[in-house]
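Both counts, for ligands and for their atoms, begin at 1 and track the order of listing. If you read the sequence from its start, that first residue is 1, and numbering goes on from there.
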Amino acid sequence: MGIITASIMVLTITWIIHFAFRKAKFIYDKLTVFQGPAALPLLGNFHQFHFSPEEFFEQSQGIAYMMRKGDERITRVWLGGLPFVLLYGAEEMEAVLGSPKMLNKPFLYGFLSAWIGDGLLISKPDKWRPRRKLLTPTFHYDILKDFVEVYNRHGKTLLSKFENQADSGNYEDVFHTITLCTLDVICEAALGTSINAQKDPNSPYLDAVFKMKDIVFQRLLRPHFFSDTIFKWIGRGEEHDQCVKILHDFTSKAIYARKAKVDAAGGVEQLLAQETAEGRRRMAFLDLMLDMNSKGELPMEGICEEVDTFTFEGHDTTSAAMNWFLHLMGANPEIQSKVQKEIDEVLGEADRPISYEDLGKLKYLEACFKETLRLYPSVPLIARQCVEDIQVRGHTLPSGTAVVMVPSMVHKDPRYWEDPEIFNPERFISGELKHPYAYIPFSAGSRNCIGMRFAMMEEKCILAILLKNLKVKAKLRTDQMRVAAELIIRPMFGNELKFERREFGDYTPLID
Ligand code: HEM
């Protein structure tokens, strides 16, 4: 019996090794057609990378540029035994992002799962498909209109902070201040309750949000912490678990409290009608999801993971974009004046809230925002996992390969963009995209950003409030700014801005 068991074990192990070896060889053979830096056995290109926010991203882009072959924008990198393929051409992006076979995310996204569960951002296609179909109508304009009041209110709080800064006459790094504002917006939109981040920035919830992002990012940079066991044992596992508890306690308390109100009123519609009659109707994504729950379409657990997903994905991305936009305004005074002229024309002199209709008229501001995202797409890398072989420009990307797409590179490809380094919003007014996948700040294809319209409206509203009332100047020129790529891209030396109050009709630039 012992001999039989031992023989079966030996045969099984031999078969596994044989299978793994054949698979590795298959992948290796397929990937050798792509250019990439020379790799060492087992280590791959690991030793050639510097795993820091300012270096890793720059190095990856540098390698990708250096290794390009003809018209192809494909580079291969081995991190240890793991094959990665970097793509940065529009055709290549289309082959991946437009493919129904490429909906899986690589394991690295899983480091977020303790926080955002199996929500839209990281779920596997079988779970993702029906969930995305269910939630897409939630982001329709008819619903988003209701959030304009939320953008206005939190935008005004941000304005009052910057007005105080204007009175001091100092340059200050505004990155964190803006993040608190976008957190206020997304938490209220998702949960229906205000977290008052701008007024009370020291709450345990906020502390946990910032710590958790740092923990996840630090883990991404340290492959020896990829294993859960090692991470828990010698990494920041304990701190991680404490943060997750605080984050989940906070959101589930709000979710279950709202559910209790819905149940007591006899349904979401009844509760909203009651609240409207009392003059305090405030819609949130949560209400829509609780309605889905009452129809048996979405379990409570699903609501929790999607609320956490929206709050995670919906605050840093919008904050990064708003920060870069203000930097670019502060570095390009003529363009700033043009935006202010449009704001004055659309909003007039009176101090009034911005309406949904106003947002539709702010075309030049929108072009400036799109141009900001071209130069500084908030999400530095978009990745997919091949679970079957796919064809990219006549080559096979074998199953098992992780594909990493770099939006900032396709956004600066001279084949699609004239003078790609220049901040020129006019290109979004007059020009047409030369390729639909040449501009992908919100990703593209069926797994693109579900919050894109929400984000565009939020940004336009808050930025119009700020620029209606303030002039801005950036301390550094754009060519002096360096990018640090974390979960989002941020200005490495901070975003130092100075403000001055402005009146209707004043288009003179702010000078030192
Ligand atoms: C300027 C702001 C934003 C930018 C640049 C942005 C960008 C992106 C990108 C590039 C992706 C694809 C990520 C990937 O596949 O790895 C994505 C996905 C996603 N975003 Fe956004 N995002 C923004 C704002 C928002 C907001 C405000 C929300 C929520 C209200 C949101 C919710 C999501 C969700 C849930 C996904 C996953 C979608 C899916 O896989 O079905 N995003 N976003």
Side-chain angles (χ1 to χ4, degrees), residues 93 96-97 102-106 108-112 116-125 127-136 138-140 143-144 147 150-151 178-179 181-191 220 284-286 288-289 302 305-325 366 369-385 402-408 410-411 437 439-463 485 487-490:
M93 306 276 187
V96 174
L97 294 173
M102 291 297 288
L103 295 171
N104 285 274
K105 303 282 175 98
L108 296 167
Y109 284 67
F111 297 153
L112 283 165
I116 64 174
D118 217 357
L120 275 184
L121 182 67
I122 55 180
S123 50
K124 292 207 165 64
K127 178 167 178 180
W128 170 80
R129 245 182 237 103
R131 185 69 67 82
R132 173 86 189 212
K133 200 168 162 206
L134 186 68
L135 292 177
T136 293
T138 311
F139 287 85
H140 191 276
I143 288 168
L144 298 183
F147 295 121
V150 177
Y151 310 147
I178 291 180
T179 307
C181 173
T182 55
L183 261 165
D184 268 341
V185 170
I186 192 65
C187 286
E188 183 160 343
L191 281 169
L220 281 170
F285 291 129
L286 174 58
L288 299 162
M289 290 195 271
E305 53 196 17
E306 297 308 347
V307 163
D308 287 329
T309 297
F310 292 166
T311 15
F312 163 71
E313 187 65 20
H315 80 274
D316 249 0
T317 47
T318 42
S319 167
M322 206 178 289
N323 268 285
W324 287 109
F325 179 99
E366 182 172 311
F369 183 68
K370 287 182 174 165
E371 176 70 344
T372 302
L373 283 178
R374 183 184 69 80
L375 289 172
Y376 300 104
S378 309
V379 178
L381 303 169
I382 301 170
R384 294 283 190 274
Q385 184 70 31
V403 182
V404 178
M405 286 150 287
V406 196
S408 54
V410 73
H411 289 181
Y437 284 74
Y439 183 68
I440 54 159
F442 294 98
S443 186
S446 56
R447 210 155 183 183
N448 70 347
C449 174
I450 200 172
M452 179 172 73
R453 289 174 181 165
F454 179 97
M456 291 294 289
M457 288 170 63
E458 171 185 356
E459 301 278 356
K460 283 169 73 178
C461 185
I462 297 177
L463 290 165
L487 299 178
I488 44 97
I489 59 166
R490 63 171 178 82

Under 4.0 Å to a heavy atom of Thr318 - the qualifying atoms of ligand 1, by number: 2 (C)
Over 60° means perpendicular and under 30° means parallel, so classify the ring planes of Phe454 and Phe147, tilted if in between. perpendicular
Ligand 1 atoms in contact with Ala455 (distance to a heavy atom under 4.0 Å): 2 (C), 24 (C)
Which ligand 1 atoms does Ile450 reach within 4.0 Å, using its non-hydrogen atoms? 34 (C), 35 (C)
Could an N or O of ligand 1 be found under 3.5 Å from any N or O of Arg447, whether backbone or side chain? yes
Select the closest option to atom 25 (C) of ligand 1 among Cys449, Ser319, Ala189, judged by heavy-atom distance. Cys449
Heavy-atom pair with the smallest gap, counting every atom of Leu144 and Phe139: CD1-O, 3.4 Å
Taking distance alone, with N or O pairs closer than 3.5 Å, would you say Leu381 contacts ligand 1? no
Which one holds for Met452 and ligand 1: side chain close, backbone close, both close, or neither close, with close meaning a heavy atom under 4.0 Å? neither
Identify, for atom 26 (C) of ligand 1, the protein heavy atom at the shortest distance, and state residue, atom and that distance. Gly314 CA, 3.5 Å
Suppose we measure from atom 13 (C) of ligand 1 to each protein heavy atom; which comes out shortest, and what is that distance? Leu121 CD1, 4.0 Å
Considering only the protein, which heavy-atom contact is closest to atom 6 (C) of ligand 1, and what is its distance? Phe442 CD2, 3.7 Å
Hey, what do you get for CD1 (Ile462) to CE (Met457), rounding to the nearest 0.5 Å? 11.5 Å
Under the criterion side-chain contact (heavy atoms from CB on, under 4.5 Å), which of Val185, Asp184, Leu183 is the partner of Cys187? Leu183
Among all protein non-hydrogen atoms, which one is nearest to atom 10 (C) of ligand 1, and what is the separation to 0.1 Å? Pro441 O, 3.4 Å
Can you sort out which atoms of ligand 1 are near Lys105, meaning under 4.0 Å from one of its heavy atoms? 14 (C), 15 (O), 16 (O)
Less than 3.5 Å between some nitrogen or oxygen of Glu459 and one of ligand 1, yes or no? no
When you look for heavy atoms under 4.0 Å from ligand 1, do you find them on the side chain of Ile186, its backbone, both, or neither? side chain
Test of proximity, Arg132 against ligand 1: N or O pairs below 3.5 Å: yes
In sequence, state the C-alpha distance, the side-chain angles, and the governing distance for Ser378 and Thr317, and then conclude on side-chain hydrogen bond (donor to acceptor under 3.5 Å, both in side chains). CA-CA 5 Å; Ser378 309; Thr317 47; 5.7 Å; no
Using a 4.0 Å cutoff against the non-hydrogen atoms of Ser378, which atoms of ligand 1 qualify? 5 (C)
Can you measure from CZ (Phe325) to CD1 (Ile178) and round to the nearest 0.5 angstrom? 11.0 Å
Would you check whether Glu458 reaches within less than 4.0 Å of ligand 1, judged by its heavy atoms? no
Can you label the angle between the Phe312 ring and the His315 ring as parallel, tilted or perpendicular, going by 30° and 60°? perpendicular
Can you tell if the side chain of Val307 reaches within under 4.5 Å of the side chain of Met289, non-hydrogen atoms only? yes
Measure the spacing between CZ of Arg447 and CD1 of Ile382 and express it to the nearest 0.5 Å. 12.0 Å
Look at atom 31 (C) of ligand 1 and say which protein heavy atom is nearest, naming residue and atom and giving the distance to 0.1 Å. Glu313 CG, 3.6 Å
Under 4.0 Å from any heavy atom of Phe454, which atoms of ligand 1 are there? 27 (C)
So how far is it from Lys105 NZ to Trp128 CH2, rounded to the nearest 0.5 Å? 9.0 Å
So is Ile122 close enough to ligand 1, meaning a heavy atom under 4.0 angstrom away? no
Measuring from atom CD of Glu306 to atom OG1 of Thr309, what distance do you get when rounded to the nearest 0.5 angstrom? 5.0 Å
Could you tell me whether Lys124 atom NZ has more than 12 heavy atoms of other residues or ligands within 6.0 Å of it? no
Starting at CD of Glu188, measure out to CG of Leu286 and round the result to the nearest 0.5 Å. 12.5 Å
Pairs of nitrogen or oxygen atoms closer than 3.5 Å, one from Tyr109 and one from ligand 1: do any exist? yes
Nearest to atom 3 (C) of ligand 1 by heavy atom, Leu103, Thr317, Ile382, Asp316: which? Thr317
Measuring from non-hydrogen atoms of Arg384 to any atom of ligand 1, is the shortest distance under 4.0 Å? yes
What are the two closest heavy atoms between Ile440 and His411, and how far apart are they? N-NE2, 2.8 Å
Ligand-residue contact atoms, ligand 1 with Trp128, heavy atoms, under 4.0 Å: 39 (C), 40 (O), 41 (O)
Ile186 and Gly314: which non-hydrogen atoms are nearest, and at how many Å? CB-O, 3.9 Å
Proximal ligand 1 atoms for Thr309, defined as those under 4.0 Å from one of its heavy atoms: 35 (C)
In this structure, atom 12 (C) of ligand 1 is nearest to the protein heavy atom Ser443 CB, 3.7 Å
